[in-house]
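The structure under discussion appears below in the form of structure tokens.
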Amino acid sequence: MKRTVIPLGPFHPLLEEAEFFKLYVEGETVVDVDVRIGYMHRGIEKLSTLKTYDQSTFIVERICGICSTSHPIAYVLAVEDLGGFTVPDRAHYIRTIICELERIHSHLLWVGLAGHFIGYDTVFMWAWKYREPILDICEKLTGNRNHYAMMKPGGVRRDLNSDDFAWVQREMDKIIGEMEMLVGAVLDDPVLHARTKGIGVLTKEDAIAYGTVGPTVRASGIPDDIRTDDPYAAYDRIDWKVITWESGDVFGKAAVRLLEIIEAAKIIKQCLDAMPEGPIDAHIKSVPAGEGIGHAEAPRGEVFHYVRGDGGNSPIRHKIRAPSYVNIPSFKATCVGHTIADVALITAAVDPCYCCTERMAVLERGSDNIVMSGRELTECSRAATDRLKKDYGSPTPVELAVKKLLMKEKA
Amino acid sequence: MTTEKTALSAIRKKFGDTLVDIHERNDRRVYITVNSIDLPAVCRFMYENLGGRLATASGVDMRSGIEILYHFMYPQEHRMITVRTKVKKPSPEIGSIGMFLPAAIWIEREIYDLLGVVFTNHPDPRRLVLADDWPDGVHPLRRDFKEFD
């Protein structure tokens with residue numbers, strides 16, 4: 001059969017990381033995947049060695065717009081590991097709250113985009129509507145909807161105002177209720193089941209071999225979570241559980257993310273209740289020579305930072321590894337054997353590469369003739385869902401839930 | 001799987017004198033120094049027999065040579081074990097672990113790009129992060145790197 005190469009990417013305004021996927025297809029079926037990165041290599045590791053330890057915190061915050069607090073916290077943990085510094089209790093709790101707020105808004109962003117790509121625009125509008133109040137909380141607590149600049153080696157940069165706590169508690173109760181409704185609607189929908197179950201299964205063995213992290217590995221039934229594996233901030237002092245799912249498919253990854261949002265809201269509520277009084281900063285004067293490893297559980301998985309210092313004012317080496325770096329190579333294991341319409345979904349399930357599905361184009365091998373544009377491929381994915389919708393008849397649970405919600409709002 | 005209680009004691013038992021140094025920095029961080037020739041075997045044991053997850057590898061130009069560190073996470077033990085080795089300049093070379101551990105493929109390609117360490121027996125020895133027209137033999141994270149146009 002004739003082999004076709006489908007290039008995917010590399011740039012899209014919505015992408016936080018630029019990637020380029022080359023899909024080798026025979027007919028509709030993907031037979032191999034090749035990934036190229038490096039389009040946006042900004043040299044941050046090198047730049048960090050030219051700045052002071054304090055300044056580098058701001059630089060690593062710019063690695064990713066969505067994980068904007070995961071990189072700084074992993075970095076400050078590495079510096080604290082290097083120097084053996086102790087962080088005040090209150091700072092631990094504040095760090096936990098900011099990290100979990102970030103997890104909620106990042107996962108909601110994903111849920112929305114996932115809904116859009118499979119042709120459920122209701123889910124997209126819904127998820128993003130619920131995301132907005134979370135960003136408002138971020139703004140009220142830290143001064144910014146994103147890029148909070150809260151972390152610093154030795155503690156946090158700004159204190160939280162306890163007058164806001166009651167309001168945040170109420171908002172968290174609200175999001176828990178809303179999410180329970182959304183989880184019920186989405187996870188019961190037969191069309192979504194048919195569309196996402198058994199698609200892009202990542203087996204336990206492959207998950208370990210590729211070193212995958214975050215919801216990607218937890219959806220394969222492995223309870224790897226840095227928050228329990230190597231506890232930081234206040235995660236070892238509060239009661240919460242690691243969400244896992246056994247199936248390893250797209251449905252599992254969606255379920256893990258949805259349930260993690262509820263868990264994150266519960267973590268925030270407990271932190272607000274247990275917030276200790278006291279200083280928020282250890283006031284580090286100098287960083288000794290040595291090396292330190294810091295890692296944190298970002299929404300997409302483990303963020304890893306390694307810092308080596310020589311006793312001077314800036315690190316001599318700063319190694320950064322973002323979660324997608326280990327999740328993306330696993331496409332070799334998950335995409336092969338599936339159709340093009342499903343690949344959009346499988347890459348989406350890992351999260352970063354999601355938006356580049358819009359830029360997919362089918363090319364004839366050996367020439368630049370576009371056989372199929374990115375838009376057509378997205379349509380391909382949406383049409384697959386539409387066919388299923390017809391088979392199952394309406395209304396689906398999602399549609400029913402919308403109706404209920406509209407009635408409630410009217411009343 | 002081995003009968004030893006912790007990954008560290010299993011490594012100690014298996015490799016004994018071939019390990020140059022074991023530094024238990026604290027409960028959660030251990031650094032093991034090995035000779036570069038032994039590195040693939042130690043990593044293979046840590047992944048295949050002890051079930052470690054390779055977080056990533058770091059390369060550091062230490063002037064006297066290039067240090068390469070493979071960071072393995074052991075979630076059940078709440079511990080990160082780092083295997084460290086040093087390769088000599090000017091033409092650093094070391095055996096790849098990508099043949100048996102796919103998680104290492106990308107990071108070894110990156111270390112070649114940025115530090116110029118050649119990984120022998122690498123399954124896919126292409127560039128990863130630098131541009132296709134980047135000159136050969138220029139590695140931006142080397143201490144002697146000079147910017148150019």
Side-chain angles (χ1 to χ4, degrees), chain A residues 34-43 45-46 49 78 81-82 84 206-213 217 222-226 228-232 236 242 290-295 301-308 310 315-323 325-330 332-333, chain B residues 23 25-31 47-48 51-63 66-69 71-82 84 98 100-107 109-111 113-115 124 126-132 134 140-143 145 147:
Chain A
D34 186 24
V35 189
R36 252 211 82 171
I37 60 166
Y39 292 93
M40 253 181 9
H41 197 256
R42 288 166 291 176
E45 290 180 10
K46 173 96 178 164
T49 60
D81 181 40
L82 195 171
D206 282 339
I208 297 169
Y210 284 97
T212 50
V213 292
V217 70
I222 301 169
D224 266 8
D225 192 318
I226 306 303
T228 51
D229 296 346
D230 190 1
Y232 58 98
D236 51 347
V242 176
E291 57 195 335
I293 295 169
H295 51 173
E302 179 202 36
V303 162
F304 178 99
H305 283 238
Y306 168 84
V307 176
R308 172 81 70 98
D310 60 357
I316 58 164
R317 179 78 172 98
H318 183 182
K319 167 76 198 145
I320 302 161
R321 201 269 287 134
Y325 192 88
V326 285
N327 285 340
I328 289 168
S330 73
K332 245 190 155 63
Chain B
H23 175 48
R25 213 177 119 80
N26 53 42
D27 286 349
R28 294 191 191 173
R29 304 276 187 265
V30 178
Y31 295 85
Y47 161 63
E48 285 180 357
R53 173 174 67 80
L54 178 68
T56 197
S58 315
V60 191
D61 187 352
M62 297 301 288
R63 292 189 204 278
I66 292 177
E67 260 185 32
I68 297 172
L69 304 100
H71 311 282
F72 283 90
M73 182 69 198
Y74 290 89
Q76 280 84 26
E77 298 175 27
H78 308 291
R79 192 175 246 195
M80 187 146 237
I81 301 182
T82 299
R84 180 206 310 272
F100 53 88
L101 184 48
I105 294 177
W106 270 23
I107 186 62
R109 285 167 65 184
E110 187 186 310
I111 293 177
D113 260 3
L114 301 178
L115 285 154
D124 185 17
R126 290 177 293 163
R127 280 193 192 288
L128 183 73
V129 291
L130 294 183
D132 291 335
W134 189 270
L141 283 186
R142 286 274 187 100
R143 294 281 185 113
F145 171 74
E147 280 187 40

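Both backbone and side-chain heavy atoms feed into the values below; hydrogens, waters and symmetry mates do not. Numbers restart at 1 for each chain; the letters A, B, ... are given by sequence-line order, proteins then strands. Nothing here was measured: the structure is a model prediction, and the numbers come from that model.
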Please check: side-chain N/O of [X] versus main-chain N/O of [Y], any donor-acceptor pairing under 3.5 Å?
X	Y	value
R317(A)	L141(B)	no
R321(A)	A57(B)	no
R29(B)	G292(A)	no

Assess whether a salt bridge exists between D229(A) and R53(B), defined as any Lys/Arg side-chain N lying under 4.0 Å from an Asp/Glu carboxylate O.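 No.
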Under 4.0 Å between a Lys/Arg side-chain N and an Asp/Glu carboxylate O for R308(A) and E67(B)?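 A salt bridge is present here (some side-chain N lies under 4.0 Å from a carboxylate O).
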Is the ring pair H71(B)/Y306(A) parallel, tilted or perpendicular, if the boundaries are 30 and 60 degrees?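 The arrangement is tilted - the two ring planes meet at 30° to 60°.
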How about CG on N26(B), more than 12 heavy atoms from neighbouring residues, nucleotides or ligands closer than 6.0 Å, or not?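 Yes, CG of N26(B) has more than 12 neighbouring heavy atoms, counting only those of other groups under 6.0 Å.
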Answer yes or no: is there a side-chain heavy-atom contact under 4.5 Å between [X] and [Y]?
X	Y	value
T82(B)	E291(A)	no
Q76(B)	P223(A)	no
K46(A)	L114(B)	no
M62(B)	I316(A)	yes

Check each atom of [X] against the heavy atoms of chain B and say whether the ones under 4.5 Å are side chain, backbone, both or neither.
X	value
N327(A)	neither
V217(A)	neither
D206(A)	neither
T212(A)	backbone
T228(A)	backbone

Heavy-atom pairs under 4.5 Å with chain A: which of [options] has the most?
options	value
R79(B), R143(B), M80(B)	M80(B)
L130(B), D124(B), D61(B), I107(B)	I107(B)
R126(B), R28(B), R127(B)	R28(B)
L69(B), D113(B), V129(B)	V129(B)

[X] and [Y]: which non-hydrogen atoms are nearest, and at how many Å?
X	Y	answer
A209(A)	P102(B)	O-CD, 3.5 Å
A55(B)	V326(A)	O-CG1, 4.2 Å
G211(A)	A103(B)	N-CB, 3.9 Å

Of the backbone (N, CA, C, O) and the side chain (C-beta and beyond), which part of Y47(B) lies under 4.5 Å from a heavy atom of chain A, both, or neither?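 For Y47(B), side-chain heavy atoms alone lie under 4.5 Å from chain A.
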Quick check on Y31(B) against chain A: is it the side chain, the backbone, both or neither that has a heavy atom closer than 4.5 Å?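 The answer is the side chain of Y31(B).
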Separation of [Y] [atom2] from [X] [atom1] (nearest 0.5 Å):
X	Y	atom1	atom2	result
S58(B)	H305(A)	OG	NE2	11.0 Å
M73(B)	D230(A)	CE	CG	4.5 Å
Y210(A)	L101(B)	OH	CG	10.5 Å

Can you tell which of D224(A), T49(A), D81(A) has the highest number of heavy-atom pairs within less than 4.5 Å of chain B?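 Among D224(A), T49(A), D81(A), the one with the most close pairs to chain B is D81(A).
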Under 4.5 Å, counting heavy-atom pairs only, tell me which of S330(A), G43(A), P231(A), G84(A) racks up the most with chain B.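 If we count pairs closer than 4.5 Å to chain B, P231(A) comes out on top.
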